[in-house]
Number of protein chains: 2
Amino acid sequence: MPAPERTTPDAIVAAGRAIVEDRGLDALTMSAVAERVGVRAPSLYKRVGDRDALVRGIAESTVDDLGARMHAAVEQVETGAGDCPRDVLITLGHELREFAHEYPNGFRLIFGPLSAAARPDLAALWRATRPMLDAATELAGEVHALEAARTLTAWANGFLIMELADAFRLGGDLDDAYKWGLTSIVDAMSR
Amino acid sequence: MPAPERTTPDAIVAAGRAIVEDRGLDALTMSAVAERVGVRAPSLYKRVGDRDALVRGIAESTVDDLGARMHAAVEQVETGAGDCPRDVLITLGHELREFAHEYPNGFRLIFGPLSAAARPDLAALWRATRPMLDAATELAGEVHALEAARTLTAWANGFLIMELADAFRLGGDLDDAYKWGLTSIVDAMSR
DNA sequence: ACCTGAACACCGTTCAAGT
DNA sequence: ACCTGAACACCGTTCAAGT
């Protein structure tokens with residue numbers, strides 16, 4: 001006798017993301033997730049392998065979300081007036097920071113010290129930051145495009161992870177600091 | 001009737017660090033730590049507040065360790081031949097990477113997505129990277145020293161966190177990529 | 001075919017009882 | 001004064017029994 005499905009993998013991941021964002025990774029218990037999707041904890045194991053797989057799904061879903069935002073941002077700026085690669089990179093840099101501020105816990109999860117089973121597949125990260133690589137290629141040339149894109153993403157992710165970890169406390173305005181670093185690196189890429 | 005102390009806070013933190021480094025944060029159970037210091041789990045609560053406090057202590061101990069390495073590296077290079085600030089910064093950058101490779105799990109813990117109670121006090125991080133700030137001041141001048149030092153540490157930490165998270169998989173040699181980024185940023189700071 | 005209560009193992013933490 | 005076994009609450013996970 002078939003029984004109706006009362007939830008889906010996507011709904012479970014979405015509920016998990018909401019919990020992680022609202023109350024942190026420690027609050028991500030299987031029963032908290034189950035309650036949010038209207039089911040009992042054991043039922044989750046029909047949809048996601050286990051808690052580690054759920055954490056991985058949450059991180060990957062966050063990366064996908066970031067990718068959509070990045071692609072949307074490029075199209076936005078390319079239909080606009082000045083679509084030189086420099087402007088694209090700077091727009092993408094600010095878009096990344098906005099995302100990190102909107103989903104701090106999800107963002108930190110992406111590079112977090114997770115067990116092997118919970119670590120996200122970061123192939124999606126390269127889809128997400130592909131627009132950066134494209135613009136970097138235009139700006140730095142084929143030869144150094146990969147290094148340049150890596151330098152920019154490493155700096156941006158490092159800045160944001162440090163900012164979210166509250167590692168910047170020697171005064172000064174963080175908005176300005178981010179802008180200063182972003183333009184410095186993009187300009188250095190032009191050489 | 002007094003009883004002898006069978007362990008110390010430092011020994012507990014050291015044991016915790018070893019476990020985190022060897023088997024990851026998930027393996028850091030109170031009884032695993034207790035066993036390593038030759039005591040039963042409940043006794044740990046006389047020395048460290050709770051597991052979160054222990055995690056915080058482990059992260060802070062790792063930061064202190066990093067600081068000692070950084071200071072030692074500057075003295076090494078300053079007694080040597082060419083101690084221009086550019087060389088100091090590049091040496092420090094490579095020293096940081098060596099440390100991250102030696103203690104990957106501890107390093108990732110420093111900026112990891114920890115609960116508020118487990119998050120390390122990153123004041124020690126500024127002591128640790130103080131040599132970088134000093135050299136950056138010489139190189140970039142007083143006005144932009146802080147921004148420059150932030151840019152460099154953000155890039156280096158971001159690169160290493162991404163490297164340790166296995167986020168760089170588009171071919172290319174990572175040693176070269178790190179060197180390229182390091183010299184690019186240091187040279188940009190000179191302007 | 002999926003859902004669930006019950007059960008199990010494990011972990012963090014507390015505390016009364018030992019020495 | 002510190003150490004410990006016992007106990008408690010909580011969590012991840014499994015599974016037989018329900019529908």
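In the text below, chain A, chain B and the rest are named by the order of the sequence lines, each starting its count at 1. When reading the values below, keep in mind they use all heavy atoms of this one structure, side chains included, and skip hydrogens, waters and symmetry mates.
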Student: Under 3.5 Å, is there a donor-acceptor pair between the A:Ser61 and A:Arg17 side chains?
Tutor: yes
Student: Considering only heavy atoms, which members of residues 46-54 of chain B lie under 4.0 Å from some atom of DNA chain C?
Tutor: B:Asp50, B:Arg51
Student: With the threshold set at under 4.0 Å for non-hydrogen atoms, list the residues of residues 20-29 of chain B touching DNA chain C in residue-number order.
Tutor: B:Leu28, B:Thr29
Student: Could you please name the option among D:dA6, C:dG12, C:dT4 that lies closest to any side-chain atom of B:Pro42?
Tutor: D:dA6
Student: In whole angstrom, what separates B:Tyr45's OH from D:dC2's C1'?
Tutor: 16 Å
Student: Taking CD from A:Glu35 and P from C:dG5, how many angstroms apart are they, rounded to a whole number?
Tutor: 13 Å
Student: Kindly assign one of parallel, tilted or perpendicular to the pair B:Phe159 and B:Trp155, based on the angle between their ring planes and the thresholds 30° and 60°.
Tutor: tilted
Student: Can you find a side chain N or O atom of A:Arg6 that sits less than 4.0 Å from OP1 or OP2 on C:dC2?
Tutor: no
Student: Hey, is the side chain of B:Ser43 poking within less than 4.0 Å of OP1 or OP2 on D:dT4, counting only N and O atoms?
Tutor: yes
Student: Is it true that the side chains of B:Arg6 and B:Ser43 contain a donor and an acceptor less than 3.5 Å apart?
Tutor: no
Student: If you write DNA chain D from 5' to 3' in dot-bracket form, with Watson-Crick or G-U pairs under 3.5 Å, [ ] for crossing pairs and | for pairs with another strand, what do you get?
Tutor: ||.|||||...|||||.||
Student: Given D:dC3, C:dC15, D:dC2, identify the nucleotide with an atom nearest to the side chain of B:Val39.
Tutor: D:dC3
Student: In a check of side chain to side chain contact (heavy atoms under 4.5 Å, CB included) between B:Glu60 and each of B:Asp121, B:Leu122, B:Leu125, which one passes?
Tutor: B:Asp121
